[in-house]
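The structure under discussion appears below in the form of structure tokens.
These numbers were taken from a predicted model, which means no experiment stands behind them. Only heavy atoms go into these numbers, but all of them, side chains included; no hydrogens, no water, no symmetry mates.
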Amino acid sequence: MGKDTIADIITYIRNTDMDRKGTVRITSTNIAENIIKILLREGFIENVRKHREANKNFVELTLRHRRNRGGPYRMNLNLKRVSGPGLRIYSNYQKIPRILGGMGIVILSTSRGIMTDREARLEKIGGEILCYIW
């Protein structure tokens with residue numbers, strides 16, 4: 001049974017956000033770093049730090065805190081893994097789903113690297129749908 005690093009990243013970030021913690025530590029891989037770059041560029045992550053411990057590379061993320069998160073109507077950061085090791089979901093650029101009418105993002109793995117749905121539509125390429133974030 002293989003290890004799903006993308007699902008691990010999503011789960012770490014979701015659990016950290018639900019616990020209202022500020023930072024999360026993730027093992028550094030190429031896929032993780034590409035997804036983190038997208039999250040940083042889109043504004044879901046505030047800061048990224050790389051460090052090394054016991055011959056392993058780690059990335060420490062600081063999540064962006066929203067000011068209106070107190071009280072009973074607290075908004076969570078929603079992340080959903082779509083394509084997995086057991087079932088790959090592919091889409092061409094015309095059929096890439098829009099999350100909340102374009103308010104959320106879809107992260108795709110394409111032949112030109114990992115990118116968002118907007119970038120894939122502009123370059124007119126499709127790929128494997130990795131996750132939704134809103």
Answer yes or no: is there a side-chain heavy-atom contact under 4.5 Å between [X] and [Y]?
| X | Y | answer |
| --- | --- | --- |
| I13 | L61 | yes |
| T116 | E42 | yes |
| L130 | V82 | no |
| I133 | I107 | yes |
| V106 | I129 | yes |
| F58 | T27 | yes |
| T11 | I9 | no |

Are I89 and I125 joined in one hydrophobic group, where the rule is that I, L, V, M, F, W and Y side chains link up if heavy atoms are under 4.5 Å apart?
->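 Different hydrophobic clusters.
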
Indicate, with yes or no, if M115 and I10 share a hydrophobic cluster defined by side-chain heavy-atom contacts under 4.5 Å among Ile, Leu, Val, Met, Phe, Trp and Tyr.
->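 No.
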
Where at least one partner belongs to residues 104-113, residue pairs that pass salt bridge (Lys or Arg N to Asp or Glu O under 4.0 Å), sequence neighbours excluded =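 Passing the test, one end in residues 104-113: R112-E123.
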
Roughly how far, to the nearest 0.5 Å, is OG1 of T62 from CD of E46?
->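 It is 6.5 Å, given to the nearest 0.5 Å.
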
Between atom SG of C131 and atom CD1 of I105, what is the distance when rounded to the nearest 0.5 Å?
->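 These two atoms lie 7.0 Å from each other.
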
Which heavy atom in I45 sits nearest to a heavy atom in R64, and how many Å separate them?
->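 Smallest heavy-atom distance, with atoms named: O-NH2, 3.9 Å.
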
Residues forming a salt bridge (Lys or Arg N to Asp or Glu O under 4.0 Å) with R121, sequence neighbours excluded =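 Listed in chain order: D117.
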
May I ask you to list the residues sharing a hydrophobic cluster with L122, side-chain cutoff 4.5 Å, ordered by chain and number?
->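 Its cluster mates, by chain and number: none.
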
Residues in side chain to side chain donor-acceptor pair (under 3.5 Å) contact with N15, at least two apart in sequence or another chain |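 Result, side chain to side chain donor-acceptor pair (under 3.5 Å) vs N15: none returned.
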
Charged N to carboxylate O under 4.0 angstrom, R25 versus E53?
->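 Yes, charged N to carboxylate O under 4.0 Å.
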
R49 bridged to E60 by N-O distance under 4.0 Å =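 A salt bridge links R49 with E60.
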
For T5, check side chain to side chain contact (heavy atoms under 4.5 Å, CB included) against everything at least two apart and list the hits.
->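 Residues passing side chain to side chain contact (heavy atoms under 4.5 Å, CB included) with T5: none at all.
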
Check side chain to side chain contact (heavy atoms under 4.5 Å, CB included) between D8 and all other residues, then give those that pass, not counting sequence neighbours.
->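 Side chain to side chain contact (heavy atoms under 4.5 Å, CB included) check on D8 returns K3, Y12.
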
Let me have the donor-acceptor pairs involving side chains of residues 94-101, under 3.5 Å, with sequence neighbours excluded, atom names and distances please.
none

Pairs meeting criterion side chain to side chain donor-acceptor pair (under 3.5 Å) with involvement of residues 102-111, two or more places apart =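 Residue pairs passing side chain to side chain donor-acceptor pair (under 3.5 Å), neighbours aside: none found.
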
Scan for side chain to side chain donor-acceptor pair (under 3.5 Å) pairs involving residues 81-92, sequence neighbours excluded, and state none if there are none.
->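 Applying side chain to side chain donor-acceptor pair (under 3.5 Å) to every pair that reaches into residues 81-92, excluding sequence neighbours, yields D4-R81, S83-E128, R88-E128.
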
Name the atoms and distances for all side-chain donor-acceptor pairs under 3.5 Å in residues 30-41, with sequence neighbours left out.
from	atom 1	to	atom 2	distance (Å)
E33	OE2	S28	OG	2.5
N34	ND2	N30	O	3.2
R41	NH2	E119	OE2	2.9

